[in-house]
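A quick note: this is a predicted structure, and the numbers were derived from the prediction, not measured.
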Amino acid sequence: QVYLVESGGGSVQAGGSLRLSCKVSEDSIGQKCVGWFRRAPGKVREGVAQITIESGYTDYADSVKGRITISQDNAKNTIYLEMNSLESEDTGMYYCAARVWGNLCTYLREGLFPYWGQGTQVTVSS
């Protein structure tokens, strides 16, 4: 079982920045994909970014490339999502998710991820 706890959400003005954190509860988070997903009001949950823990390889949704960066701190078992130039369309509940995977993480589909956190709310006001 993998437990994930998100933090760092909040309210911010458009153009601002936030850094979300995802604490992964295991002695080692190797051989996993950890992804960030979001659900905007009235919309389906969509993938934002993911990282391959062993290699640090990152993968992003086209809609966030250039504005959002996913990174890891293996010593802290924590994955970060740095979000800049935030827009009102970035408003939503953000979730981190994990799956065991020994290769590069390239398919950012929620159905592949069995482990989920409870989410952290991001609200961007214009």
Side-chain angles (χ1 to χ4, degrees):
Q1 184 69 25
V2 179
Y3 297 95
L4 306 118
V5 179
E6 304 95 334
S7 62
S11 297
V12 64
Q13 295 278 339
S17 300
L18 278 175
R19 187 177 79 160
L20 308 183
S21 300
C22 174
K23 176 76 171 179
V24 184
S25 70
E26 275 200 3
D27 291 337
S28 170
I29 60 174
Q31 289 205 321
K32 287 186 178 61
C33 305
V34 178
W36 283 96
F37 295 77
R38 66 184 179 190
R39 179 181 282 130
K43 296 187 178 180
V44 299
R45 190 156 56 185
E46 63 175 352
V48 176
Q50 66 179 327
I51 189 164
T52 306
I53 296 302
E54 281 201 319
S55 67
Y57 176 82
T58 57
D59 180 40
Y60 296 93
D62 288 341
S63 61
V64 304
K65 284 180 180 176
R67 297 191 299 118
I68 289 180
T69 302
I70 189 170
S71 62
Q72 60 187 30
D73 184 338
N74 288 353
K76 297 181 178 179
N77 279 11
T78 300
I79 307 302
Y80 301 101
L81 191 72
E82 185 80 36
M83 303 189 293
N84 300 306
S85 302
L86 284 164
E87 306 165 349
S88 56
E89 291 75 17
D90 295 314
T91 293
M93 185 69 78
Y94 283 69
Y95 302 87
C96 72
R99 64 182 177 118
V100 177
W101 187 247
N103 295 313
L104 288 181
C105 306
T106 56
Y107 293 100
L108 189 56
R109 296 200 298 264
E110 64 172 295
L112 296 175
F113 290 78
Y115 306 108
W116 290 82
Q118 293 300 307
T120 185
Q121 177 69 36
V122 171
T123 303
V124 183
S125 56
S126 55

- Roughly how far apart are Thr78 OG1 and Gln72 CD, rounded to 0.5 Å? 10.5 Å
- All pairs passing salt bridge (charged side-chain N to carboxylate O under 4.0 Å, His left out) where residues 117-126 contributes a residue, at least two apart: none
- Item | hydrophobic_cluster_shared for Tyr95 and Leu81, side chain cutoff 4.5 Å | no
- Message: Going by the rule side-chain contact (heavy atoms from CB on, under 4.5 Å), which residues pair with Ser71 if we only count those two or more places apart in sequence or in a different chain?
- Response: Tyr80
- Results of side-chain contact (heavy atoms from CB on, under 4.5 Å) for Ser63 - residues two or more places apart only: Arg38, Ala61
- Message: Applying side-chain contact (heavy atoms from CB on, under 4.5 Å), can you list everything that pairs with Thr69, at least two apart in sequence or on another chain?
- Response: Tyr60, Glu82
- Looking at CD1 of Ile68 and CG of Leu86, how far apart are the two atoms once the value is rounded to the nearest 0.5 Å? 7.0 Å
- Task: Look at the side-chain heavy atoms of Ile, Leu, Val, Met, Phe, Trp and Tyr, link any pair under 4.5 Å apart, and say whether Ile70 and Tyr94 land in one connected group.
- Result: yes
- Query: Passes side-chain contact (heavy atoms from CB on, under 4.5 Å), Ile53 versus Val34? Steps please.
  - Reply: CA-CA 7 Å; Ile53 296 302; Val34 178; 4.0 Å; yes
- Message: In this structure, would Phe37 and Val64 fall into the same cluster of hydrophobic residues linked by side-chain contacts under 4.5 Å?
- Response: no
- Task: Kindly state each residue pair satisfying salt bridge (charged side-chain N to carboxylate O under 4.0 Å, His left out) with at least one member in residues 112-126, sequence neighbours excluded.
- Result: none
- Query: Rounded to the nearest 0.5 Å, what separation is found between the SG atom of Cys33 and the CD atom of Glu54?
  - Reply: 10.0 Å
- Message: Looking at Thr91 and Thr123, would you say the former's side chain and the latter's main chain have a donor-acceptor pair under 3.5 Å?
- Response: no
Sequence neighbours excluded and cut-off under 3.5 Å, please list the side-chain donor-acceptor pairs for residues 102-119, or say none.
residue: Glu110; atom: OE1; partner: Arg45; partner atom: NE; Å: 3.3
residue: Glu110; atom: OE1; partner: Arg45; partner atom: NH2; Å: 3.0
residue: Trp116; atom: NE1; partner: Phe113; partner atom: O; Å: 2.7

- Distance (rounded to the nearest 0.5 Å) between Ile79 CD1 and Glu6 CD: 12.0 Å
Tell me which donor-acceptor pairs under 3.5 Å the side chains of residues 7-19 have, and how far apart each pair is, sequence neighbours excluded?
residue: Ser17; atom: OG; partner: Asn84; partner atom: OD1; Å: 2.9

- Applying side chain to side chain donor-acceptor pair (under 3.5 Å) to Arg67 and not counting sequence neighbours gives Asp90
- Query: Are Trp101 and Ile51 grouped together when hydrophobic residues (ILVMFWY) are joined by side-chain heavy atoms under 4.5 angstrom apart?
  - Reply: no
- Task: With sequence neighbours left out, write down each residue that passes salt bridge (charged side-chain N to carboxylate O under 4.0 Å, His left out) with Lys43, or none if nothing qualifies.
- Result: none
